[in-house]
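Since this is a predicted model, take the numbers as computed values, not measurements. Side-chain atoms are counted along with the backbone in the values below, which use heavy atoms only and exclude waters and symmetry mates.
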Amino acid sequence: MDAALRIVLVDEDPERAGELEQALVACGHTVVARLGRRDDLRARIAALAPDGIIVDMASPDRDVLEDMRRIYSDEPRPLVMFVGESDSDSIRAAVDEVLARSGGEL
């Protein structure tokens with residue numbers, strides 16, 4: 001590995017977040033925070049200034065999607081989202097909404 005990354009995890013499931021954190025730490029990265037949808041995501045992520053963000057939620061709501069769009073707009077950084085939605089129409093609608101609100105670019 002070239003360089004360790006400082007990562008923020010956004011996940012409502014403590015067990016799943018813990019497993020992901022262990023895997024990231026085993027690869028030499030640092031998880032600087034584990035946050036949930038009730039946290040002030042924009043403020044916390046701005047204060048932590050991570051190298052990347054991993055969102056792992058069964059179904060991120062519009063607030064989480066909007067927060068991720070604004071976070072990316074304010075200071076672009078790698079963002080990975082894992083969602084449990086298997087409905088491709090719902091996934092496409094969420095991506096379209098984020099793209100529309102960000103001016104068509106992520």
Side-chain angles (χ1 to χ4, degrees):
M1 176 178 49
D2 294 336
L5 299 174
R6 298 177 66 252
I7 305 291
V8 165
L9 297 179
V10 180
D11 193 339
E12 294 295 308
D13 183 326
E15 186 176 331
R16 182 178 55 214
E19 290 174 8
L20 183 53
E21 181 174 5
Q22 286 178 340
L24 289 165
V25 169
C27 290
H29 303 296
T30 301
V31 174
V32 295
R34 291 194 313 192
L35 306 175
R37 71 179 73 213
R38 288 175 194 70
D39 290 303
D40 184 348
L41 296 175
R42 289 174 55 207
R44 295 286 311 275
I45 290 171
L48 293 164
D51 299 314
I53 304 164
I54 297 175
V55 179
D56 191 2
M57 294 184 160
S59 181
D61 58 31
R62 289 183 185 265
D63 291 340
V64 171
L65 293 172
E66 177 65 15
D67 282 343
M68 292 302 110
R69 184 202 62 81
R70 287 186 176 169
I71 289 164
Y72 186 86
S73 295
D74 292 346
E75 190 165 333
R77 69 188 88 226
L79 168 63
V80 177
M81 293 186 74
F82 297 100
V83 297
E85 285 290 329
S86 60
D87 174 20
S88 60
D89 290 336
S90 296
I91 294 167
R92 182 79 240 157
V95 170
D96 287 346
E97 179 179 336
V98 172
L99 288 174
R101 291 178 181 223
S102 66
E105 293 184 39
L106 278 182

Non-hydrogen atoms of Ala4 and Gly28 that approach each other most closely:
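For Ala4 and Gly28, the tightest heavy-atom pair comes out as CB-O, 3.0 Å.
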
Atom of Arg6, atom of Leu48 and distance for their closest heavy-atom approach:
NH1-O, 3.1 Å

List the steps, then state whether side-chain contact (heavy atoms from CB on, under 4.5 Å) holds for Asp74 with Arg42.
CA-CA 9 Å; Asp74 292 346; Arg42 289 174 55 207; 4.2 Å; yes

Check side-chain contact (heavy atoms from CB on, under 4.5 Å) between Glu75 and all other residues, then give those that pass, not counting sequence neighbours.
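Testing Glu75 for side-chain contact (heavy atoms from CB on, under 4.5 Å), a comparison that skips the adjacent residues, returns Arg77.
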
Not counting sequence neighbours, which residues clear side-chain contact (heavy atoms from CB on, under 4.5 Å) with Leu24? List them please.
Ile7, Leu9, Leu20, His29, Val31, Ile54

What residues, two or more places apart in sequence or in another chain, satisfy side chain to side chain donor-acceptor pair (under 3.5 Å) together with Arg70?
Glu66

Going hydrophobic residue to hydrophobic residue with side-chain gaps under 4.5 angstrom, can you get from Val25 over to Val10?
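Per the 4.5 Å side-chain linkage, Val25 and Val10 are not co-clustered.
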
Show your working on side-chain contact (heavy atoms from CB on, under 4.5 Å) between Met68 and Ile45 and close with a plain yes or no.
CA-CA 10 Å; Met68 292 302 110; Ile45 290 171; 4.2 Å; yes

Could you go through residues 33-40 and list every donor-acceptor pair under 3.5 Å that involves a side-chain atom there, pairing it with any protein atom two or more places apart or in another chain?
residue : atom : partner : partner atom : Å
Arg34   : NH1  : Glu21   : OE1          : 3.3
Arg37   : NH1  : Asp61   : OD2          : 3.1
Arg38   : NH1  : Glu12   : OE1          : 3.2
Asp39   : OD2  : Gly36   : N            : 2.6
Asp40   : OD1  : Ala43   : N            : 3.3

May I ask you to test the Pro78-Asp51 pair for a side-chain heavy-atom distance under 4.5 Å?
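Pro78 vs Asp51: side chains apart.
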
Listed partners of Arg16 passing salt bridge (Lys or Arg N to Asp or Glu O under 4.0 Å), at least two apart
Asp11, Asp56

